[in-house]
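Okay, so here's the structure we're looking at.
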Amino acid sequence: MNNYALVVIIVIYLSVLFYIAFLAEKRKKSKWVNNPYVYTLSLAVYCSAWTYYGSVGIAADSGIEFLPIYLGPVIAAPLWILVLRQVIRISNQHKISSIADFISLRYGNNRFLGALVTLICLFGTIPYISLQLKAVSETFAIMSDSSSYVSTRIFDDSTFYIALLLAVFATFFGTQKADASEKYTGIIASVAFESILKLVFFLIIGIYVTYYLFDGTSDIYNKIATTDNFNELTMLSGLEDGFNWFFLIALSFMAIFLLPRQFQVSVLENNREKHLKKAIWLFPLYLFLFNLFVIFIAWAGKITFGDNANAEYYSLLLPIENSNTFLASLVFIGGFSAVISMVVVSTLALSIMVSNNLIIPYGFLDKFIKNQTERNAKSIKNIRRISIFSIIIIAYFFYITFSKELSLYSIGLISFTVISQLAPSFFIGLYWNRGSSKGAIIGIIIGFCISIYTLVLPFTLEAFTGSDDFTQHGLYGIAALKPYALFGLDFLRPPAHAFFWSILFNMLAYLFFSVITKGNYRERNYAEMFVDSKNFTALQDSALVWKGEAYVADIKNVLVRFLGDYKASRALRLFFTKYKLPQDTQLADARLINFSEKLLTGSIGSASAKILIASVVKEEQISLREVLRILEESKENIVSNKILIQKSDELSQLSSKLKDANQELVVKDKQKDEFLDSVAHELKTPITGIRAATELLMDDEDDMPKEIKKQFLKNILQDSDRLGRLINNILDFEKLETGRLRLNMEYTDIQETINKAVANTQHIAAKKGIIIHIKNVHRFKLEFDEDRILQVFTNLISNAIKFCEPKIGRIEIDYKLGNNALEISVTDNGKGIPAEDIAYVFDKFYQSQHQNTIKPEGSGLGLAITRQIIEKHNGKIWTDKDIKIGAKFVFTLPIS
Amino acid sequence: MMHKILIVDDEPNIVMSLEYAFKKKGFEVFIARDGSEALEIVENHIPDIVLLDIMMPNVDGYQTLQQIKNKPLLQATKVVFLTAKNRASDIEKGLKLGADKYLTKPFSIKKIVSEIQELLT
């Protein structure tokens, strides 16, 4: 393909990315850019050109050794829920903007440590970026058919211009705001898009090679199985290889947390903790898909080209060999995507570190104090822009100096090994509060030196001197100092070997110096906050222990320099409101110090923020013991607060219970009043009758006609009976209602009870010409209180008699076996119960509005008592609503 | 002139005594067992006085009183409550609604008769 066509493709593709980033930046809040899928895809920035091209190379030369680099992250993924979540929480709370910031804050805003971490990251990442440039340059060469990979003059080299383009892209979206802790939504969206492209194109080429160029996986396998060293490539050769694998897995396990670009996407760009839940299975799935065809492409390339081509570019060479330029272009674009996302995110992360942890705290602070807000923001942005360009240019020079001879794979491993030196201070520091800054610094330096000695020095010396004396015989010819077989450890391959020794000494130094030194109070303070992050998140700004003298006005002055007047005033106003302090507070407390440091951290890093704030306040030294005491107190406060809240909850629950109980009492009281009222009314009625009739009889004895006299006497008798009945009913009802009534349960034949009830009421029925019929004549014995059930029957039958028409009235008593109960019914053919009364017939003193019977018959308590007796027997009573003519009362008596 | 009295109560025994007593004193006596019956009778006979129970089925004493008071024809008719409800609040409610007297059960026949006669003079 022609050079210009290729450049056009690259430019078009870059503009697409610009557009995506631009759109995403414009719609920051949209669901499209804030979801777990974009988050997961952005994590796939892990898969750089190394994965895209390098894996195939390794698969072809060394078999399945490409796998451990992906197994580490897969093993790490489930742990994200624990480790990464804690890191994310801490980072959000303290407005962390890079891994250097994170580590330096953990060890008490240690400025030197922040700078050291930044240097390690630079050392680790620059070769890695150069690796990406190498891949672009070499694939560009393959695509454009030019014979040499790199031109002799820089400005003729297309790679140089591509590097510049990448720098422009990173600068444009990476340095829009001075506050580095803000999210880079645009860049993340473009990275996610690129992650889709590179995966899809890699799968396409995999399928093309496996199923189009060959007849599927078994075809490739059968063909490759005939080559000479096939067995070597597909097997682990004993324990030694096992160790190699183990260390490579451990190495990549650490890298997924520590690589600056991974920290950027997984921690700093995390919008919601819950996105992690999807990522922990989606990301391993992504890696799995990516590695699916690696081995087949590698074998296919080997079968096709033998040893005559660079195995790393098989995926590109295979379609070209088969004249499929289109597919080759797709592969090229996919690889280019992998490069762009890695370079952009890495340089962005590095530039923030360089500005916030290296340049600003070591030289620019004095200047910032004097300058105005806008100039400060501008300076910060410029520092970052220059950093991005410098990093890419340095990477470019690294590439033309070293990378031409090295494979993608070995450069990648050098990067990983260097970066992994941060592991002890990062991981152990997260869980061990004794870890100190001295330990961290010494550990990192020792580990770094060892990794340089065992990994970087050999090939550098070879590159410059052309002799491999150093590698073969060791420093000064001492065999124990051979860089690839330190202290006689000769069975590991160089990367695993370097990793083993460097991490071992790094960790030992870290532990040793942490144990023998005590950090200052600030360091211990942050150590507690990181390790016990759960407790201290709740403490918020009071988690920082600070003692001294400071004025709000001074602090505000500093804030204004970086945030501007408006933002600084607003932040302070919010702070005072949050802690319920007067807006004109003059003396600053620890919370304000902590709050202000956090505000500045985003712009200039934690170390600089501490120095700046310290410059305007007069701090007193506090003893370590005092720090721990204050922290303990704060924690206790939280606990006692929690207890208070709990107690107050309990109290309010109790009070609402009391209210309910009181309400119930009021209702009961009212019910009792109503009951007494009704009782009084019911008692007064017959007494009134008796009194009136008696008075008349007494006064009018002489003139009163005989039949009227007789009628009055009859009335008196009737009212007296009614009174007696009423009193009995009231007593019964009261006994049942208060539960004082004891049932006299006995095995009794229900048939006999029914017969007795009918006998009791027969004379009234007969008087009205009403027939009572017992339908079921079988005997059935069960346990009940006969007197009470007799009362129930009498009540129901008398009711029925009351509502039946004379002469034609008919009452039917029936029973049958129901579900664990005897179901007894009393049915009449009277006028029935009006629909609106059905719900109330069992209420005490309820009298139907339609009741037109002669009054003295009822007490208003009959059905209420009936219901209570049945319920006391654990039975139920109801009226059958389906009946058309008359009324049907049904009740149950449980058997057993 | 013969006074007309309407006795409204759902207790037949009580009605019987009152009817006897008032007839003997020369009243023309009408009887209703509840409010709705009472309202029919007052329309037709325009009694001088209505002796009204409160707790009755269908239309209760309060409603009956209000309807009587609303009829222009019955402006002269006096209404006396005769009820077992004897709480102060009940009495107050009855008088507020416009009853001319509030008498409670149980009662002395002689006293009822004299109260009614007093009301009519």
Side-chain angles (χ1 to χ4, degrees), chain A residues 673-674 676-705 707-723 726 834 836-837 840 845-860, chain B residues 7-27 29 31-38 51-64 81-91 93 103-116:
Chain A
D673 273 1
E674 279 170 10
L676 284 178
D677 265 6
S678 307
V679 167
H681 186 265
E682 293 301 311
L683 287 174
K684 273 178 195 168
T685 303
I687 290 173
T688 306
I690 293 170
R691 195 194 183 291
T694 317
E695 193 185 342
L696 289 172
L697 281 171
M698 215 161 84
D699 292 352
D700 256 8
E701 210 182 342
D702 306 328
D703 337 334
M704 198 183 275
E707 53 280 21
I708 291 186
K709 206 183 267 179
K710 210 174 168 189
Q711 180 63 49
F712 277 143
L713 285 169
K714 217 169 124 195
N715 285 356
I716 292 171
L717 205 60
Q718 205 180 27
D719 278 338
S720 305
D721 284 349
R722 181 174 168 189
L723 205 51
L726 197 60
E836 64 263 36
D837 288 340
Y840 308 106
F845 298 122
Y846 181 81
Q847 286 177 346
S848 170
Q849 297 283 311
H850 304 275
Q851 187 173 327
N852 266 330
T853 48
I854 302 148
K855 263 288 188 103
E857 297 289 330
S859 67
Chain B
I7 300 168
V8 192
D9 201 314
D10 61 334
E11 290 293 338
N13 291 3
I14 295 174
V15 171
M16 206 182 283
S17 300
L18 289 170
E19 185 187 7
Y20 178 82
F22 278 105
K23 271 190 175 154
K24 207 163 175 222
K25 288 287 170 192
F27 282 78
V29 180
I31 289 165
R33 279 194 301 178
D34 64 19
S36 52
E37 272 186 39
L51 206 51
L52 195 57
D53 188 14
I54 292 176
M55 288 172 56
M56 295 178 296
N58 298 330
V59 184
D60 70 17
Y62 296 126
Q63 291 167 314
T64 315
F81 275 131
L82 182 60
T83 172
K85 286 162 83 85
N86 64 345
R87 288 188 190 207
S89 60
D90 297 327
I91 297 172
K93 184 182 175 186
L103 303 171
T104 53
K105 293 176 185 174
F107 49 81
S108 143
I109 294 270
K110 278 195 282 287
K111 204 182 164 214
I112 295 282
V113 174
S114 68
E115 292 266 7
I116 297 295

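Each chain gets a letter, A, B and so on, in the order the sequences are listed, and its residues count up from 1.
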*Give, for atom NZ of A:Lys714 and atom CE of B:Met16, the distance between the pair rounded to the nearest 0.5 Å.*
8.5 Å
*For A:Lys684 and B:Lys105, which heavy atoms make the closest approach, and how far apart are they?*
CD-O, 3.6 Å
*For the residue pair B:Lys110 and A:Glu695, what are the closest heavy atoms and their distance?*
N-OE2, 2.9 Å
*Rounded to the nearest 0.5 Å, what's the gap from CD1 on A:Ile716 to OG on B:Ser17? Could you check?*
8.0 Å
*Tell me, side chain or backbone of B:Ser108 under 4.5 Å from chain A's heavy atoms, or both, or neither?*
both
*Taking the side chain as every heavy atom from C-beta outward, state whether B:Lys24 and A:Leu696 have any atom pair closer than 4.5 Å.*
no
*Between B:Asp60, B:Asn86, B:Ile112, B:Asp9, the one whose heavy-atom pairs under 4.5 Å with chain A are most numerous*: B:Asn86
*What pair of heavy atoms forms the shortest contact from A:His681 to B:Ala84, and how long is it?*
CD2-CB, 3.3 Å
*So which part of A:Ile708 gets closer than 4.5 Å to some heavy atom of chain B, the side chain, the backbone, both or neither?*
side chain
_Nearest heavy-atom neighbours spanning A:Met704 and B:Tyr20_ = CG-OH, 3.4 Å
_Pick from A:Ile687, A:Ile690, A:Asp699 with the largest number of heavy-atom pairs that fall under 4.5 Å of chain B_ = A:Asp699
_Candidate list A:Leu683, A:Thr685, A:Thr688, test side-chain contact (heavy atoms from CB on, under 4.5 Å), partner B:Pro106, passing option_ = A:Thr688
*Compare every heavy atom of A:Arg691 with every heavy atom of B:Ile109, then report the nearest pair and how far apart it is.*
N-NH1, 4.5 Å
